[in-house]
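Report on the structure given below.
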Amino acid sequence: MTHDIAVIPGDGIGTEVTPAAVEVLEALEIDFEFHEADAGDAVKAETGEALPEETDDLAASADATLFGAAGDTAADVILPLREAVDSFVNVRPATAYPGIDAVRPETDLVFLRENTEGVYAGHEDRLSEDVSTLTRVVTESASRRLAEFACDYVEDGAHDGFTIVHKANVMRETDGRFRDTVAEVADERGVATDEVLMDAFATRVCLDPEQFDVVVCPNLAGDVLSDLAAGLVGGLGLLPSANVGPERGLFEPVHGTAPDIAGEGIANPAATILSAAMLVEFLGYDEAGAAVREAVEATLEEGPRTPDLGGDASTDEVTAAIVDRL
Ligand code: GGG
């Protein structure tokens, strides 16, 4: 069976790490057909559109999408692409790997981030010269859908339960609804939960990450707290993500375009290759996904490594080492 994979490198280091992940996917004995498309700052500068219609259509029809990174046009690119695959949850594992100099080497977390609403719903207005506003959207239906996924995730992975992270003491209506709905679904499903205010979570996870495992959170909190967790495990070059929908998925590193190193050929491809492993598993190839992950882990431990991890290898050298190990 052939799987159609949309490949959207985006901007900056997205154009360097996405081909690296494709190289790894090509090394697997799976029948992929890759379809590359443009999105982001560069195509906007050229055509006036950050997300050409054919790119959006491609993501909406492909079996899965591999995405790189978006810069200034992130809101015009990533949010509609997530919508194109009907993604309601962004799965972001933050794991420390042997051999990597991590602030907290005991970190092993998974963020399940609400992926359709919150402050990323796109309702921003400039009311006057002085005043801009943002409307935060939280629905029972989206919170319920996320909670059902979280319960399945906990059950499938034999986790003990999950932590609901929110700020319901201040955003009483929106995060109150989020917390109550997620807790109610977990209760109906017999899944254990605890809850932590998101500011307290930020401190507690730095001091003792082992007290957390699966973390369920609203959209912006998931975006910010997973970047914080990247700091605990050795950097943004290590965090993959899966935007999961009922039929399709979009897989991307948590990092952005990294303009400071873009074009130098030294971007860490691990996050995107680990995202590709999630893509492979999403399509049902668990063994192949595990093999990619193991090859990445061995390369992180034994080298070569890119400069963000203290090495001096290029993106291509690290990718070749991963492919060799596969
Ligand atoms: N590959 C992820 C990426 O491009 N991140 C940049 C960004 O601004 N992301 C916002 C988000 O993940 O919602």
Side-chain angles (χ1 to χ4, degrees), residues 89-115 146-147 149-166 182 186 191-196 198 200-217 221-244 251-255 268-282 286-287 289-302 305 308-310 322 325:
V89 55
N90 188 197
V91 182
R92 295 185 158 192
T95 308
Y97 295 100
I100 298 300
D101 188 15
V103 174
R104 290 285 178 209
E106 66 276 30
T107 308
D108 190 9
L109 300 164
V110 178
F111 291 88
L112 303 180
R113 165 189 177 192
E114 202 290 318
N115 217 15
L146 173 69
F149 179 92
C151 291
D152 292 342
Y153 189 92
V154 160
E155 284 168 4
D156 293 350
H159 297 272
D160 286 338
F162 61 79
T163 302
I164 309 168
V165 170
H166 60 81
V182 174
V191 170
T193 60
D194 59 0
E195 57 172 281
V196 183
M198 62 178 77
F201 176 86
T203 307
R204 283 176 55 184
V205 77
C206 290
L207 294 174
D208 178 17
E210 276 183 304
Q211 65 189 292
F212 301 111
D213 177 15
V214 179
V215 178
V216 176
C217 44
D223 198 8
V224 174
L225 295 173
S226 55
D227 273 35
L228 182 149
L232 299 180
V233 303
L236 274 166
L238 297 170
L239 259 63
S241 86
N243 298 280
V244 176
F251 302 82
E252 56 172 329
V254 166
H255 65 69
N268 186 349
T272 315
I273 295 173
L274 290 168
S275 305
M278 294 174 92
L279 179 154
V280 165
E281 283 166 351
F282 178 79
D286 288 352
E287 270 180 40
V292 172
R293 196 169 294 114
E294 279 163 27
V296 172
E297 283 172 14
T299 306
L300 289 173
E301 186 165 7
E302 293 156 26
R305 299 193 192 108
D308 57 306
L309 299 178
I322 292 169
R325 287 192 167 96

Is any side-chain heavy atom of [X] closer than 4.5 Å to a side-chain heavy atom of [Y]?
| X | Y | result |
| --- | --- | --- |
| Val292 | Ile273 | yes |
| Glu106 | Pro209 | yes |
| Tyr97 | Val296 | no |
| Thr95 | Leu109 | no |
| Leu238 | Leu309 | yes |
| Leu225 | Val165 | yes |
| Tyr153 | Val89 | no |

For [X] versus [Y], what's the shortest heavy-atom pair and its separation?
| X | Y | answer |
| --- | --- | --- |
| Asp213 | Asp160 | OD2-N, 4.4 Å |
| Cys217 | Leu146 | O-CD2, 4.1 Å |
| Val182 | Ala147 | CA-CB, 3.8 Å |
| Ala96 | Val233 | N-CG1, 3.6 Å |
| Ala150 | Phe162 | CB-CE2, 3.7 Å |
| Gly231 | Val103 | O-CG2, 3.6 Å |

Inset, instruction - Not counting sequence neighbours, which residues clear salt bridge (Lys or Arg N to Asp or Glu O under 4.0 Å) with Asp208? List them please. - result: none
Inset, instruction - Taking salt bridge (Lys or Arg N to Asp or Glu O under 4.0 Å) as the test, write out the residues that go with Glu294, two or more places apart. - result: none
Inset, instruction - Would you check, one step at a time, whether the test side-chain contact (heavy atoms from CB on, under 4.5 Å) holds for Ile100 with Arg305? - result: CA-CA 10 Å; Ile100 298 300; Arg305 299 193 192 108; 3.8 Å; yes
Please name all residues satisfying side-chain contact (heavy atoms from CB on, under 4.5 Å) with [X], sequence neighbours left out, ordered by chain then number.
| X | answer |
| --- | --- |
| Ala192 | none |
| Ala271 | Pro253, His255 |
| Arg293 | Leu274, Ala277, Met278, Glu281, Glu297 |
| Glu195 | Ile164, His166, Arg179 |

Can you list the residues that meet the side-chain hydrogen bond (donor to acceptor under 3.5 Å, both in side chains) rule with [X], with sequence neighbours excluded?
| X | result |
| --- | --- |
| Thr193 | none |
| Gln211 | Arg204 |
| Thr299 | Arg325 |
| Glu155 | Arg189 |

Legend entry - Atom pair CG/CG of Leu232 and Asp108 - distance to nearest 0.5 Å: 12.0 Å
Inset, instruction - Nearest 0.5 Å please: distance from the OG1 atom of Thr272 over to the CG atom of Leu279. - result: 12.0 Å
Legend entry - Contacts of Phe201 that satisfy ring pair (Phe, Tyr, Trp, His ring centres under 6.0 Å) - sequence neighbours left out: Phe212
Legend entry - More than 12 heavy atoms from other groups under 6.0 Å of CG on Asp286: yes
Inset, instruction - Sequence neighbours left out, what pairs pass side-chain hydrogen bond (donor to acceptor under 3.5 Å, both in side chains) with at least one residue falling in residues 226-241? - result: Asn90-Ser241, Arg92-Ser226
